[in-house]
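As structure tokens, the structure follows; a few thoughts come after it.
Reckoned from all heavy atoms, side chains included, excluding hydrogens, waters and symmetry mates. Just so we're on the same page: letters track the sequence lines, and every chain starts at 1.
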Protein chains: 2
Amino acid sequence: MSDPVETFQRFLRQQGLKLTTQRERIVRRVLKIKKHFSAEELFDLLRKDRSRISKATVYRTLSLLVEARLLDEHDFELGHKLYEQSQRDEHHDHLICVACRAIFEFHNHEIERLQEQVAAEHDFAITYHTHQIFGTCEEYRTTGKLCPRGLARTRRD
Amino acid sequence: MSDPVETFQRFLRQQGLKLTTQRERIVRRVLKIKKHFSAEELFDLLRKDRSRISKATVYRTLSLLVEARLLDEHDFELGHKLYEQSQRDEHHDHLICVACRAIFEFHNHEIERLQEQVAAEHDFAITYHTHQIFGTCEEYRTTGKLCPRGLARTRRD
DNA sequence: TTCCGTGCAAATGATTTGCAGGACT
DNA sequence: AGTCCTGCAAATCATTTGCACGGAA
């Protein structure tokens, strides 16, 4: 019952939509990605799997996956959006290395709490938030190595 | 010595650039704006002042003003960037009403401190950060009024 | 003079959309 | 049958850029 493909199908049905071959292939491929990825990168991965799905369909399906809450969408000021599998109840924010583009995740309960307090003080009803820290990561600073082309790296300690 | 136009001129000279009529008009106009504004909105304001400056120049000058640290640039997921006069030492983050587009500012010293701690734990050297809280503001929730077209509102309590 | 800067229009580039033929239910 | 979908190419849209002419130092 927590199979993502089923979750997606349930979501689609609910919206009067169908789980097509393309949509299913895309979800299954997406589930294998353990990093942050762009629409373009997903498109390339699908071609490598000999799935000739159009870019339009990739974009359309990514939107659906975000709506279905299977994916989270992020704008890290890279000129294109990045996606990652939603860790439903484990919300996290990001540290983005502007040099090598590595992306790290962090979660700080106290920050979240203070943030809610700030919103409350402004009579503001939070829908979601983004907290991004840009700078340079330790590896880049010591090795000067840039992130290889292709998938944006996501490293966890 | 803290006259923004002079600051800009100093910055330009330093870069081997000139303070042209257009650039000066743009800075002076920008200085009068007390809200967040887009390139397009600035362009329109300039036309109203009978300054026929091209959009290309507006964009080019905005970039320079950001480099000169006279303006801060924000991406609030609105499809276009917003700018605001840099409050040099008074950094702040934002609450963005997704319904009426009002923008509120907040500063929480404790959050900033915790954030530095998070970065330190990751051996991450911070360059800058963005902390945006999206949701609905009190006014929108009670009146249902949408933000009027034109300049994005910035309200402070 | 000598670059630097400007306006204009064309180029970008990620994402979206209109259409016409296909595919689920 | 009746929708929903897909692929393709064209359209968007904010922003950028190439060029030839105009302007500060």
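At a threshold of 4.0 angstrom between heavy atoms, the contacts of B:Ile53 are confined to the sugar-phosphate backbone, with no base atom among them.
Checking D:dA24, C:dT17, D:dT6 against the side-chain heavy atoms of A:Thr57 singles out D:dT6 as nearest. Each of C:dC4, D:dT15, D:dG7 was ranked by its minimum atom distance to the side chain of A:Arg60; first place goes to D:dG7.
With sequence neighbours excluded, no residue satisfies ring-ring contact (aromatic ring centres under 6.0 Å, His included) with A:His80.
Ionic pairing of A:Arg141 and A:Glu138 is not present here: no N-O contact between side-chain nitrogen and carboxylate oxygen is shorter than 4.0 angstrom.
Nearest-nucleotide assignment on DNA chain D puts the 5′-proximal partner with A:Lys55, out of B:Leu19 and A:Lys55.
Here D:dA14 presents its P atom at 19 Å from NE2 of B:His74, a figure rounded to the nearest Å. The nearest whole Å value for the distance from the CD1 atom in B:Ile26 to the C1' atom in C:dT6 is 10 Å. The interatomic distance linking B:Asp44 (CG) with D:dA14 (C1') rounds to 14 Å, in whole Å. Look at CD on B:Glu40: it is 14 Å from C1' on D:dT12, rounded to the nearest Å. Across the protein-nucleic acid pair, A:Phe37 atom CZ and C:dA14 atom P stand 16 Å apart, rounded to whole Å. The distance between atom OH of A:Tyr83 and atom P of C:dT15, rounded to the nearest whole Å, is 6 Å. Between B:Phe43 atom CZ and D:dT15 atom C1' the separation is 14 Å, expressed in whole Å. Between the C1' atom of D:dT12 and the NE2 atom of B:His80 lies a distance of 15 Å, rounded to the nearest Å.
Regarding contacts with the backbone of D:dG7, a side-chain N or O of A:Gln22 is found under 4.0 angstrom from either OP1 or OP2. Checking the phosphate oxygens (OP1, OP2) of C:dG7, no side-chain nitrogen or oxygen of B:Arg52 falls inside 4.0 Å. Put simply, B:Tyr59 has a side-chain N or O that comes within less than 4.0 Å of OP1 or OP2 on D:dT15. Of the side-chain N and O atoms in A:Thr20, none sit less than 4.0 angstrom from OP1 or OP2 of D:dC5. Under 4.0 angstrom from either OP1 or OP2 of D:dT6 there lies at least one side-chain N or O belonging to A:Arg23.
In this model, a side-chain donor or acceptor of A:Lys18 finds a partner on the base of D:dT3 within 3.5 Å.
Between B:Phe76 and B:His36, the ring planes lie perpendicular to each other; the angle is over 60°, past the 30° to 60° tilted range.
A:His129 and A:Asp93 share a donor-acceptor pair across their side chains, judged by distance under 3.5 Å alone.
The main-chain N or O of A:Glu139 is found under 3.5 Å from a side-chain atom of A:Thr142 such that the two form a donor-acceptor pair.
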